[in-house]
Each structure stands twice: as C-alpha cells, then as structure tokens.
Amino acid sequence: MKVLVTGGAGFIGSHLVEMLLEEGHEVTILDNLSTGRLENVRHLESNSQFHIVVGDILNERLVDKLIERVDWVFHLAAAVGVQLIVKDPLRSMMTNIRGSEIVLENVYRYHKKVLITSTSEIYGKNTSDALKEDDDRILGSPLKTRWSYSTSKAVDEILAYIYWKEKKVPTVIVRLFNTVGPRQTGHYGMVIPRFVQQALKGEALTVYGTGEQSRCFLFVKDAVRGMVRLMENPAAEGQVFNLGNRAEISMNKLAEKIIQMTQSASSIVHIPYDQAYEEGFEDMQRRVPDITKASRLVGFNPEMTLDDILRMVIDSQRRPAPAGASAARR
Ligand code: UDP
C-alpha cells in the first residue's frame with residue numbers, strides 16, 4: 001500500500017512508520033515539526049520507500065495533493081500532551097478539529113481509507129474499572145482548558161463516524177491510552193519520560209496532586225501493531241477501539257519504581273495541580289481500558305510489561321544522542 005502518516009515524525013508516528021516500512025508499505029509522512037522531530041525518523045531516510053514532507057496539516061492544498069496519491073491515511077497530526085494543550089489552547093483546538101476535517105474531506109474526495117487516532121481523554125473523569133468504547137464521557141466545564149482536548153478529539157470521532165455512516169467512507173477510530181516508549185519527550189508533560197529524566201539527573205521527581213491517581217501504560221510498539229492490524233481489517237470500519245494495557249499503577253508507585261530501577265538518589269516532591277498546570281485544573285483519578293473489542297477482532301494483546309517499558313526508556317535516555325541530533329532538536 002501507499003500510506004500517508006500525518007504527524008509521522010512524532011513519537012507514535014515514527015514507530016508506526018517503522019512498522020509500516022517493515023511490512024513492505026511505501027510511506028510518506030507529513031509533519032510540521034512542531035512537536036515531531038526529524039531525528040525520530042533520520043534512521044529511515046536511506047529507505048527508498050520512505051518520503052518526508054515538512055508541512056502543516058492545516059495546509060489544505062498540500063493535504064489534498066498528498067492524500068490523492070496514497071491508499072491509506074493514518075491521521076496522527078495533533079496537538080498532544082496536557083501541558084501543551086493548557087499552554088496553547090487555541091492552536092491546539094484548530095489543529096485537532098480543522099486538521100481532522102481537512103483529512104476527512106480529502107479521504108472522502110479521493111475514496112481512500114483513514115485511521116483516526118483518538119484518546120482515552122475521551123472518557124474524562126469516568127473512573128470505571130474497565131472503560132468500554134461506548135461508556136459515558138464525564139467532563140468538567142468546557143472553560144477548563146484540559147477538557148477542550150477531550151472535546152476536540154470527540155469532534156474528530158464524530159466526524160469520522162458520520163463520514164462512514166452517511167458517505168460510506170472507510171474510517172477506523174482508535175483511542176490510545178497513555179502510550180510510552182523510546183523517543184517520547186517530557187516537554188509536553190508526559191509523566192514517564194519526565195520521571196526518568198529527573199531520576200537520571202538526581203533531581204526530585206515531581207508528582208502532581210496526591211499521586212494516588214493511576215494510569216495504565218501501553219508500549220508504543222504494541223500500540224502501532226494494534227493500529228495496523230485494525231487498519232487492515234474491513235470489519236473495523238465505522239468502529240472505535242480502545243488500545244491500552246490493563247496493568248494499573250499510581251503516580252506515587254511509579255515514581256518509587258523509577259527511582260529504584262535507576263538506582264537514583266532522587267527524592268519525590270508533591271506539587272499541587274494549580275501550580276503544575278493552571279488554576280482550577282482537574283485531573284482524572286483513574287483510567288483503565290477494556291480492550292476486549294480490539295482483542296476479539298484482531299488479537300490485540302500488549303506484550304510489554306511496565307517494567308520492560310521502563311527498562312527501555314531508561315536505557316534510551318542513558319544513551320547519548322547520536323551525532324547531529326542536536327541540530328534537529330527543537
Ligand atoms: N504527572 C505527574 N508528574 C509529572 C507529569 C505528570 O505526576 O511530572 C501526572 C499527571 O498529573 C497525571 C499522570 O501523571 O495524573 C499522567 O500524566 P501524563 O501527562 O503523562 O498523561 P495524562 O494521563 O494526563 O494524559
């Protein structure tokens with residue numbers, strides 16, 4: 001297949017591109033390098049089946065031209081990371097909503113197939129034991145910036161679903177739960193790269209709130225395998241799938257585990273949410289996926305445990321950056 005990956009130089013995008021190339025596809029990425037980095041895909045540049053286009057998802061003519069030439073579109077270009085959304089809410093909303101609209105309009109125009117990446121933020125404050133795809137969304141006020149991300153992704157899902165329902169466009173939606181692994185940076189708030197970096201530098205690990213809030217972490221290669229298998233399966237069209245890992249851990253326990261695994265002398269500090277994000281910030285206390293749907297349809301079953309993931313992230317942060325990498329770092 002000829003495949004377009006929007007946001008292909010990002011953390012998840014670059015791992016997806018690697019897998020698609022390994023499986024024999026020809027891959028073009030579109031990335032504006034706002035959070036994506038060329039160094040994430042530099043090792044793929046010598047592959048003749050791989051092409052990089054630096055440009056914006058809001059550039060309608062460019063997106064039109066690129067989608068016309070491919071068979072499949074994986075749409076990952078988005079503003080991600082709670083910290084980034086809170087800091088730059090207007091641009092984040094535009095990128096997430098208008099960007100997806102432009103992709104869907106062109107997928108429809110040229111009769112292509114698209115996978116839309118959504119998020120577990122969709123469920124908001126629903127703390128159920130196992131969040132199922134059709135469970136309720138419990139959100140705070142739309143004036144609390146955090147919830148605008150959830151809402152922008154819900155609009156993307158609705159658009160993708162309606163294009164399938166009304167226009168028969170083959171769309172697949174995946175909701176990614178806290179995805180982690182090498183190449184993820186802590187710049188935009190993601191907890192594991194931040195804790196690992198703090199532990200390796202001997203700085204205090206910054207646990208927000210009480211630290212009793214929990215998350216389940218999915219290894220990025222497990223995530224992208226799930227995405228590709230769902231894209232290949234016609235029965236996934238017009239549907240939404242959770243992709244996540246069931247093992248749950250509190251942020252306090254995560255911080256302790258990282259300190260122990262890195263043999264760091266770091267301490268742990270607790271920082272109130274108001275200081276960490278913004279006045280009135282609301283977090284979700286728990287977010288556990290039910291992955292039965294993807295598991296039944298495509299055998300989705302995360303292989304990596306949290307310890308495996310942490311070992312890899314610690315190793316990758318310990319390794320010095322390759323020569324020339326700093327020039328590309330933004
Ligand atoms: N968090 C933390 N310290 C940090 C960064 C994040 O305690 O330095 C917490 C954050 O408040 C949340 C959890 O870790 O409860 C996961 O945050 P992340 O931004 O990785 O993902 P989220 O689940 O919020 O999308």
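Note that ligands are numbered from 1 as they come in the structure, with each ligand's atoms numbered from 1 the same way.
- Contact check on R137 versus E157 returns no salt bridge, with no Lys/Arg side-chain nitrogen under 4.0 Å from an Asp/Glu carboxylate oxygen.
- Contact check on R286 versus E248 returns a salt bridge, with a Lys/Arg side-chain nitrogen under 4.0 Å from an Asp/Glu carboxylate oxygen.
- Between D283 and R215, at least one side-chain N (NZ, or NE/NH1/NH2) sits under 4.0 Å from a carboxylate O, which counts as a salt bridge.
- Looking at F195, Y277, F281, it is Y277 that brings a heavy atom closest to atom 11 (O) of ligand 1.
- Of all the atoms in ligand 1, the ones that sit under 4.0 Å from a non-hydrogen atom of V207 are 7 (O).
- The contact set between ligand 1 and R287, taken as ligand atoms under 4.0 Å from a residue heavy atom, comprises 22 (P), 23 (O), 25 (O).
- Interface of N178 with ligand 1, defined as ligand atoms under 4.0 Å from a residue heavy atom, comprises 21 (O), 22 (P), 23 (O).
- Only the side chain of D283 comes within 4.0 Å of ligand 1, counting heavy atoms alone; its backbone N, CA, C and O stay farther away.
- The six-membered or imidazole ring of Y208 lies near that of Y277, with a centre-to-centre distance under 6.0 Å.
- Scanning the protein for heavy atoms near atom 7 (O) of ligand 1, the closest one is Y208 N, 2.8 Å.
- For E237 and K168, the salt-bridge test fails: no basic side-chain N is under 4.0 Å from an acidic carboxylate O.
- Salt-bridge check for E68 with K65: failed, with every basic side-chain N at 4.0 Å or more from each acidic carboxylate O.
- Among protein heavy atoms, atom 13 (C) of ligand 1 sits closest to M251 SD, 3.7 Å.
- When heavy-atom distances to ligand 1 are checked against a 4.0 Å cut-off, R215 comes that close only through its side chain, counted from C-beta outward.
- Summary of contacts: the protein heavy atom closest to atom 8 (O) of ligand 1 is R194 NE, 2.7 Å.
- Contact annotation: R146 has at least one heavy atom less than 4.0 Å from an atom of ligand 1.
- One finds a salt bridge joining D222 and R225 here, because a Lys/Arg side-chain nitrogen approaches an Asp/Glu carboxylate oxygen to under 4.0 Å.
- Shown in contact with V82 at under 4.0 Å from a heavy atom are these atoms of ligand 1, numbered in order with element: 24 (O), 25 (O).
- Residue E121 places a heavy atom under 4.0 Å from ligand 1.
- Taking OG of S118 as the reference point, atom CD1 of I158 lies at 10.0 Å (rounded to 0.5 Å).
- Between E121 and R146 there is a salt bridge, with a side-chain nitrogen of the basic residue lying less than 4.0 Å from a carboxylate oxygen of the acidic one.
- Atom 3 (N) of ligand 1 has T206 O, 2.6 Å as its closest protein atom, hydrogens excluded (heavy atom only).
- For the pair D308 and R311, the salt-bridge criterion is met [side-chain N within less than 4.0 Å of a carboxylate O].
- Shortest contact from atom 18 (P) of ligand 1 to any protein heavy atom: V191 N, 3.9 Å.
- Less than 4.0 angstrom separates some heavy atom of M190 from each of these atoms of ligand 1: 19 (O), 20 (O).
- The Y273 neighbourhood of ligand 1 comprises atoms 11 (O), with distances under 4.0 Å to a heavy atom of that residue.
- Listed by atom number, the atoms of ligand 1 under 4.0 Å from G189 heavy atoms are 5 (C), 6 (C), 19 (O).
- Ionic pairing of E39 and R42 is not present here: no N-O contact between side-chain nitrogen and carboxylate oxygen is shorter than 4.0 angstrom.
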